[in-house]
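Accompanying notes for the structure given below.
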Amino acid sequence: MLLPDNIHPENSIYYNGAFVIDSLKKNKKFKLLDLYQEVKAKRSMSFSVFILCLDWLYLIDVATINNLGEIELCS
């Protein structure tokens, strides 16, 4: 769920996406699994939630995948 209607914001894609953005700000480019390991060290989340966060960040033009298959912040 993007925005929860209950009292657990830590389960939302919106909240978890902030941890992905934070990791991307530190190092501009990541391989998929390297980024997951970086985010997982800060916030325990499942791989499926991580992928949903990446999908959401892609849809709102915050993150993209370059020609080398690396995930990076959009400029």
Side-chain angles (χ1 to χ4, degrees):
M1 86 183 67
L2 185 57
L3 292 171
D5 57 356
N6 58 20
I7 59 171
H8 300 288
E10 65 276 359
N11 295 332
S12 71
I13 302 306
Y14 187 81
Y15 179 82
N16 287 300
F19 290 96
V20 177
I21 292 170
D22 187 50
S23 293
L24 285 170
K25 283 183 178 179
K26 290 181 182 174
N27 189 0
K28 299 296 182 193
K29 297 178 184 178
F30 277 100
K31 297 277 187 188
L32 179 69
L33 294 178
D34 293 337
L35 179 58
Y36 178 63
Q37 292 297 327
E38 177 79 18
V39 171
K40 184 117 170 122
K42 295 179 195 174
R43 169 91 175 117
S44 180
M45 73 173 73
S46 67
F47 191 71
S48 60
V49 169
F50 171 73
I51 295 297
L52 286 172
C53 290
L54 287 178
D55 287 345
W56 176 64
L57 294 174
Y58 176 79
L59 288 173
I60 63 171
D61 289 329
V62 172
T64 189
I65 298 175
N66 65 19
N67 294 337
L68 301 174
E70 298 169 325
I71 300 164
E72 59 185 2
L73 283 176
C74 292
S75 53

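Starting from 1, each residue takes its place in the sequence as its number. The model shown is predicted, which means the values in this text are computed figures rather than measured ones.
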Next item on the list: In sequence, state the C-alpha distance, the side-chain angles, and the governing distance for Phe50 and Ile13, and then conclude on side-chain contact (heavy atoms from CB on, under 4.5 Å).
Entry: CA-CA 8 Å; Phe50 171 73; Ile13 302 306; over 6 Å; no
What distance do [X] atom [atom1] and [Y] atom [atom2] have between them, rounded to the nearest 0.5 Å?
X	Y	atom1	atom2	result
Cys53	Tyr14	SG	OH	12.5 Å
Leu33	Ile71	CG	CD1	9.0 Å
Phe30	Glu70	CZ	CD	10.5 Å
Lys26	Lys42	NZ	NZ	3.5 Å
Ser23	Leu73	OG	CG	10.0 Å

Next item on the list: Examine distances only and state if a side-chain atom of Ser44 and a backbone atom of Lys40 form a donor-acceptor pair shorter than 3.5 Å.
Entry: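 Answer holds: no.
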Notebook entry, point to check: Where the side chain of Asn16 meets the backbone of Ser12, is there a donor-acceptor pair that is under 3.5 Å apart?
Noted result: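 Side chain of Asn16 to backbone of Ser12: a pair is present.
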Taking all heavy atoms of [X] and all of [Y], pick out the closest pair and write down the distance.
X	Y	answer
Tyr36	Met45	OH-O, 2.9 Å
Val20	Leu35	CG1-CD2, 4.2 Å
Ala63	Leu24	CB-CD1, 4.2 Å

Checklist line | Verdict with reasoning, Ile51 to Leu32, per side-chain contact (heavy atoms from CB on, under 4.5 Å) | finding: CA-CA 9 Å; Ile51 295 297; Leu32 179 69; 4.2 Å; yes
Next item on the list: Report yes if the side chains of Asp22 and Val39 come closer than 4.5 Å at any heavy-atom pair, otherwise no.
Entry: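 No - every pair of side-chain heavy atoms lies 4.5 Å or more apart.
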Check: Do Lys29 and Glu72 come within less than 4.5 Å of each other through their side chains, counting heavy atoms only?
Finding: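 Lys29 reaches Glu72 side chain to side chain.
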Check: Can Ile60 be reached from Ile21 by stepping across I, L, V, M, F, W or Y side chains whose heavy atoms are under 4.5 Å apart?
Finding: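 Cluster IDs for Ile21 and Ile60 match.
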Check: Linking I/L/V/M/F/W/Y whenever any side-chain heavy atoms sit under 4.5 Å apart, do Tyr58 and Leu54 land together?
Finding: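 No, it is not one cluster - the side chains of Tyr58 and Leu54 are not joined through contacts under 4.5 Å.
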Margin query: Take a 6.0 Å sphere around CZ of Phe47 and say whether it holds more than 12 heavy atoms from other residues, nucleotides or ligands.
Written below: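 Counting other residues, nucleotides and ligands, CZ of Phe47 exceeds 12 neighbours.
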